[in-house]
Amino acid sequence: MKTSKIAYKPVGLALGAVSGVLAGALFKQAWKMLGHDEDAPDATDEERAWAEVLLAATVQGAIFAGVKAAVDRAGAAATRRLTGTWPG
């Protein structure tokens with residue numbers, strides 16, 4: 001494994017945590033904008049309909065994937081600007 005990949009590991013882990021927090025906040029706002037309750041339903045929430053549970057999971061997954069990709073890409077680009085090498 002290249003040294004740049006090893007050195008980037010802690011940065012990648014920190015960025016992953018940041019992207020999770022950011023994605024969670026964005027999903028909460030998106031769910032409110034869609035006109036639903038404050039909290040999204042869990043898969044085992046007996047009081048919620050299948051459609052609502054699946055919609056919440058789909059929206060949440062899309063937001064998390066998009067935010068993670070954006071944060072990971074920005075972190076890799078910043079690393080290249082700082083070190084001259086791409087961490088991947």
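Atom set for the values below is all heavy atoms of this structure, side chains included, hydrogens, waters and symmetry mates excluded.
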Which atom pair, heavy atoms only, marks the closest approach of Leu15 to Gly75?
CD1-CA, 3.6 Å
Provide the closest heavy-atom pair for Arg80 versus Trp86 in the form atom of the first, atom of the second, distance.
NH1-CE3, 3.3 Å
Is there side-chain contact between Lys28 and Asp39, with heavy atoms separated by less than 4.5 Å?
yes
Closest contact, heavy atoms only, Val53 versus Asp42:
CG2-O, 3.7 Å
When rounded to the nearest 0.5 Å, the distance separating NZ of Lys32 from CZ of Phe27 is 11.5 Å
Please name the pair of heavy atoms, one in Arg48 and one in Pro41, separated by the smallest distance, quoted to 0.1 Å.
NH1-CD, 3.2 Å
So, does Asp45 use its side chain to make a donor-acceptor pair with the main chain of Glu47 at under 3.5 Å?
yes
For Val67 versus Ser19, what's the shortest heavy-atom pair and its separation?
CG1-O, 3.5 Å
Out of curiosity, Leu55 CG to Trp50 CH2, how far, rounded to the nearest 0.5 Å?
14.5 Å
Mind checking the CZ-CG spacing from Phe64 to Leu22? Nearest 0.5 Å is all I need.
9.5 Å
OH on Tyr8 to OG1 on Thr85, rounded to 0.5 Å:
11.0 Å
Do the side chains of Leu34 and Ile63 join up, straight or via other hydrophobic residues, at under 4.5 Å, putting them in one cluster?
yes
